[in-house]
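Worksheet: the structure to be examined is printed underneath.
These figures come from a predicted structure and were not determined experimentally.
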Amino acid sequence: MARLRGGMNYPRSVGEFQQWFGTDGDCLDYLEWLRWPGGFTCPSCGYAEGWQLGDGRYECAGCHRRTSVTAGTIFDRTRTPLTVWFTACWLFATAKDGISALSLQRSLEIGSYQTAWAMLGRLRSVLVRPGRDRLAGRVEVDETYIGGEEPGLRGGRARGKKVLTGIAVEVKEPKGIGRCRMALLADASSASLHPFVAGHIEPGATVITDAWMGYHGLAGLGYVHQRRSQRAARARGDDPGKLLPAVHRVASLARRWLLSTHQGSAEEAHLQSYLDEFVFRFNRRRSRSRGLVFYRLLELAAGHDPVRYRDIAAGKRPRKIPTTPPVGRGHPPSLERPPAQRPWRAADLDYSG
């Protein structure tokens, strides 16, 4: 595809978004264009010809299998209107700090907190693009517990209730921070740290760590390993907390984001998906168009396999929040609306009598 253009390939503002996606049919057509920009291609056999049936599905001219635009995506078998999905995607992509499930439920008139929670869970599940580029150049690596301090733990790597998380951050010259990666670790041994480094950093990069023994052997994996000793920094009278400033800043921002947007309620079973969301946002923080971030999110969603509720529940159900029972039971109402005919004027007429 040629270079993407705002106002043609993706909406540039909330007003343009509302103008483009006023109906569920508009959303379906955009999703079809995202999935098959060159025309229908059979997802089963790859044949590039077919025809549309009366019920909206497509039939392949090669294998004659029938499919729909949403089949095989995260919208597969959804009973939530696409106008609701698209608005959720817009809020998820354009809000600086994201949106919580409770805020999404209230904003879109979703009758169930679990439905809103599952929608956001499905969006988080698509954020890691397969085959994405690994970090390169100078990269700081460290590990920390996400969730705050735990009293009574001896040592920075003592195992407690919090989750040990590996963090890798690109360091730009002469200053600045590039991309980051975050992943949960089983422990701080080399058996956990070495796969984290190899999976997220390009061989040949300069990896900067502290003097923890778990990082020994990185040079044998093809990296230029620079160790910075906290003990030596204390002996010199320096602050050991400033040895890896980029990693510590990103870790602090991640903790603050979890506390502010999600009130620190991310459980261990779901923490990786929240970290994926943070990384997705952090790496696109300099994007000049939030509409382009919305496009990328939908592009990932259209190319991702279906995600069922059992896939994101991870054995734990989201917490229940007492809500006022909706007037109409069932699925979230479509956001498709006819023209309102300026009801504020009609209200003036009613009061004049």
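- Evaluation of the ring pair (Phe, Tyr, Trp, His ring centres under 6.0 Å) test over residues 61-81, restricted to residues two or more places apart or in two chains, returns Phe75-Trp85.
- Centroid-to-centroid, the aromatic rings of Phe17 and Phe86 stay 6.0 Å apart or farther.
- Looking at heavy atoms from C-beta onward, Leu108 lies in side-chain contact with Leu335 at the 4.5 angstrom threshold.
- Side-chain rings of Trp33 and Tyr30 approach one another, their centers coming within less than 6.0 Å.
- A salt bridge is defined here as a Lys NZ or Arg NE, NH1 or NH2 lying under 4.0 Å from an Asp or Glu carboxylate O, and Asp76 with Arg308 meets this definition.
- Using a 4.5 Å cut-off on side-chain heavy atoms (C-beta onward), Val250 and Phe282 make contact.
- His270 and Tyr274 have their aromatic ring centers separated by at least 6.0 angstrom.
- Hydrophobic side-chain contacts under 4.5 Å tie Tyr47 to no other Ile, Leu, Val, Met, Phe, Trp or Tyr residue.
- The shortest side-chain heavy-atom distance between His304 and Thr73 does not fall under the 4.5 Å cut-off.
- No cation-pi contact links Arg281 to Phe278, judged by a cut-off of 6.0 Å to the six-membered ring centre and 45° from its axis.
- When each of Arg66, Glu32, Arg65 is paired with Tyr58, the side-chain hydrogen bond (donor to acceptor under 3.5 Å, both in side chains) condition holds for Glu32 and for no other.
- No side-chain heavy atom of Thr41 sits under 4.5 Å from any side-chain heavy atom of Arg35.
- Leu28 and Leu53 sit in two unconnected hydrophobic clusters of ILVMFWY residues. Membership requires side-chain heavy atoms under 4.5 Å apart, directly or through other members.
- By the 4.5 Å heavy-atom criterion applied to side chains, Thr165 and Met182 are counted as neighbours.
- Legend: residues meeting salt bridge (Lys or Arg N to Asp or Glu O under 4.0 Å) with Arg227, ordered by chain and number and at least two apart, are absent.
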